[in-house]
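One structure is given below, encoded as structure tokens.
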Amino acid sequence: MYTQALNVKDTALPAADPQREARFQARIDAEEKIEPNDWMPDGYRQTLVRQIAQHAHSEIVGMHPEGNWITRAPSLKRKVALLAKVQDEGGHGLYLYSAAETLGVSREELVEQLLDGRQKYSSIFNYPTMTWADVGVIGWLVDGAAIMNQIPLCRCSFGPYARAMIRICKEESFHQRQGYEIMVALCRDGTPAQKAMAQDALNRWWWPVLMMFGPSDQDSQHTDKSMRWKIKRFTNDELRRKFVDATVPQGRYLGLTFPDPDLKFDETTGHWAFGAIDWSEFRRVVSGDGPCNRQRLRQRKRAHERGAWVRAAVLAHAAKRRAREQAAAGVAAE
Amino acid sequence: METPLFTYTLRLADNALILGHRLSEWVGHAPVPEEDLALANMGLDLIGQARALYTYAGEVEGRGRDEDALAYLREVGGYRNVLLVEQPNGDFAHTIVRQLLFAAFAHPFFEALARAQDATLAAVAAKAVKELAYHLRHSAEWTIRLGDGTPESHRRTQTALDDLWAFTGELFETDQVERALIDRGIAVDPAALRTRFERRLDEVLAEATLARPAGGFTQSGGRAGRHSEHLGYILSELQYLQRAYPGAKW
């Protein structure tokens with residue numbers, strides 16, 4: 001999910017090494033995987049750390065909006081499915097942090113940067129989950145959009161990230177079907193009140209989901225380099241169009257109306273044409289003024305702070321244990 | 001009129017659901033992401049057990065109630081779980097100690113139930129015993145780390161043990177309902193498990209440098225439907241959608 005970090009400009013980098021860079025680029029052009037111990041340009045490393053960390057943070061922060069409904073899920077079957085799903089997201093966070101660590105940063109540093117605002121998570125999680133239908137819509141649309149973004153990342157030039165994405169994509173695609181199944185229960189088999197709940201959720205989430213693909217290609221600062229390095233394989237607009245084409249028929253099957261009067265099938269292009277995205281909202285939410293930005297970060301900080309004594313205990317106990325083992329080994333040696 | 005087998009099955013199911021629900025409240029708020037996963041895992045095990053047990057209770061009752069009717073449409077007084085499992089999560093030490101106390105009882109309990117006369121309960125127990133073995137190991141390891149960690153973690157864990165100890169007696173109580181089933185080899189006599197429970201617990205507490213609280217009064221009543229104030233709030237959340245949209249399917 002969540003390639004928002006690929007739209008950010010890099011800070012100044014040390015002088016380039018043209019020969020090595022040329023060899024590096026040749027490997028990428030030959031579709032070879034770059035592994036952690038291989039030489040890589042600083043910009044490549046920086047882009048990947050930022051991207052993988054942002055992806056990991058998104059998984060961890062993303063546990064909150066859906067986790068919000070675990071205790072209120074409407075049946076035991078839905079409850080275990082949601083609990084397992086949110087658990088999966090936490091697992092994705094963990095192996096993405098591990099992938100980032102292969103680039104020479106620690107998980108602790110990255111978490112620090114999330115909590116003090118230097119690194120971001122996907123802006124989609126700054127919207128609230130108001131009703132149960134939001135859980136369905138998140139699975140169907142948010143995970144659906146994430147998959148569009150992530151399938152190409154399975155072929156990303158950096159080996160550890162590409163391999164992590166293969167497993168993540170399998171799980172995400174299961175989540176997407178699970179979300180859609182919730183929508184089917186609400187819309188096709190549900191009462192009028194349930195269907196209205198589903199329509200309301202679609203109305204609130206549709207535009208923010210389209211924004212998940214990032215600024216349109218003419219405004220994206222970073223697409224060129226990321227594409228040349230084969231971190232990114234398709235542009236924001238290409239992925240967004242693919243997503244809309246795949247999603248509109250699904251929504252129509254549910255009998256829902258998309259909140260876009262300009263949405264119509266274009267016979268000449270064979271694609272669904274959609275209305276203009278309100279990029280001022282996107283910029284506002286990315287820069288911190290979405291409905292839940294402060295709440296989400298506060299939730300993360302609180303969990304981190306409340307866990308501090310536990311983490312301290314783990315280290316203290318490990319040190320005691322080591323000391324006892326060493327003492328025992330010393331006695332044995334004598 | 002409830003049959004003893006129905007009541008007995010319901011008690012086991014309610015224990016599993018309420019403790020599973022409590023663990024699920026942690027997800028996203030744990031001290032480290034690894035614990036978000038582990039607590040969710042144990043919650044999933046328990047709610048899975050609850051589903052199988054509710055389904056069986058519904059069959060035994062024969063009035064057409066399924067797992068959701070039993071979980072979502074009973075009032076506080078109809079719930080039969082022990083008081084231990086409805087106690088609030090508190091800090092991480094409270095959650096871990098609650099899990100340790102429950103698992104140190106439930107692991108040998110399910111071992112015995114897996115050999116009992118009722119084929120369905122025995123089958124549920126055979127699966128649960130593997131899950132509870134993990135819950136016991138996980139909570140024991142954490143109790144040791146926290147007890148023998150820093151002065152703060154030691155103090156918090158001892159406090160949790162002192163707070164929760166009064167709820168352990170109820171795990172070993174039997175009443176008329178169970179007596180009849182124990183005599184027929186269907187239910188497990190929990191009194192027979194007490195020595196094992198205490199031995200296992202003492203091993204863990206010794207390594208954790210924690211002191212087992214001395215005797216004291218036992219708080220009980222949950223299995224007969226007399227609960228703490230906490231259960232009402234759990235059910236308010238758990239049952240919200242089923243109550244707000246009667247008859248809707250989700």
Side-chain angles (χ1 to χ4, degrees), chain A residues 56 59-80 82-84 86-91 93-94 97 107 111 131-132 136 182 185-186 189-191 193-194 197 299-300 302-304 306-321, chain B residues 17 20-41 43-44 47-48 50-51 54-55 66-68 70-72 91-93 96 142 144-154 156-157 208 234 236-242 244-245 247-250:
Chain A
E59 301 283 0
I60 298 292
V61 176
M63 294 170 82
H64 289 284
E66 288 179 283
N68 186 32
W69 279 92
I70 290 173
T71 57
R72 291 177 291 167
S75 69
L76 293 180
K77 179 185 140 194
R78 295 294 182 204
K79 192 177 177 72
V80 290
L82 182 58
L83 182 51
V86 177
Q87 186 194 33
D88 282 351
E89 311 289 1
L94 282 179
Y97 281 130
R107 196 214 294 187
V111 168
T131 70
W132 172 252
I182 291 176
L186 295 176
D189 307 328
T191 63
Q194 286 174 300
M197 190 189 275
Q299 283 168 324
R300 283 322 311 154
R302 197 165 50 209
H304 191 72
R306 284 189 182 168
W309 69 269
V310 177
R311 295 189 299 276
V314 169
L315 294 175
H317 179 73
K320 283 183 189 179
R321 188 160 263 200
Chain B
L17 176 63
H21 183 94
R22 277 296 190 215
L23 293 174
S24 79
E25 292 173 352
W26 268 103
V27 176
H29 308 281
V32 286
E34 282 83 351
E35 271 317 284
D36 282 312
L37 268 61
L39 295 167
N41 223 42
L44 284 166
I47 299 169
R51 294 183 67 187
Y54 282 133
T55 300
D66 64 6
E67 56 175 27
D68 289 332
L70 287 167
Y72 287 85
D91 62 8
F92 187 64
I96 287 298
W142 268 111
I144 292 165
R145 270 183 218 119
L146 298 178
D148 187 27
T150 63
E152 181 184 3
S153 69
H154 178 86
R156 284 174 180 268
T157 312
I234 294 177
S236 305
E237 279 192 45
L238 179 83
Q239 299 181 341
Y240 152 61
L241 281 166
Q242 289 277 350
Y245 298 87
K249 297 271 175 272
W250 301 89

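These figures come from a predicted structure and were not determined experimentally.
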Value for CD1 (B:Ile47) from NZ (A:Lys77), rounded to nearest 0.5 Å, stands at 15.0 Å

Per-residue tally against chain B (heavy atom, under 4.5 Å) across A:Pro74, A:Ala185, A:Gly67, A:Ala316 peaks at A:Pro74

Going by heavy atoms in the side chains, are A:Leu83 and B:Val27 under 4.5 Å from each other? yes

Cut-off 4.5 Å, heavy atoms of chain B, and the answer for A:Leu76 is both

Applying a strict 4.5 Å limit to non-hydrogen atoms, the region of A:Arg302 in contact with chain B is neither

The interface call for A:His304 against chain B, heavy-atom contacts under 4.5 Å, is neither

Side-chain contact test, heavy atoms from C-beta onward, threshold under 4.5 Å: evaluate it for A:Arg107 versus B:Pro33 and give yes or no. yes

d(B:Tyr72 OH, A:Lys79 NZ) to nearest 0.5 Å is 5.5 Å

If one checks every heavy atom of B:Glu34 against chain A at 4.5 Å, the contacting part turns out to be both

Applying a strict 4.5 Å limit to non-hydrogen atoms, the region of A:Gln194 in contact with chain B is side chain

Between B:Leu146 and A:Ala313, the two heavy atoms sitting closest are CD2-CB, 4.0 Å

Distance col, row A:Thr191:OG1 vs B:Lys249:NZ, nearest 0.5 angstrom, shows 11.0 Å

NE2 of A:His317 to CD1 of B:Ile144, rounded to nearest 0.5 Å, is 6.5 Å

To the nearest 0.5 Å, atom CD1 of A:Ile70 lies from atom CG of B:Leu238 at 13.0 Å

One option among A:Val310, A:Thr71, A:Ile60 has the most heavy-atom pairs under 4.5 Å with chain B, and it is A:Thr71

Under 4.5 Å to a heavy atom of chain B? For A:Arg306 that would be neither

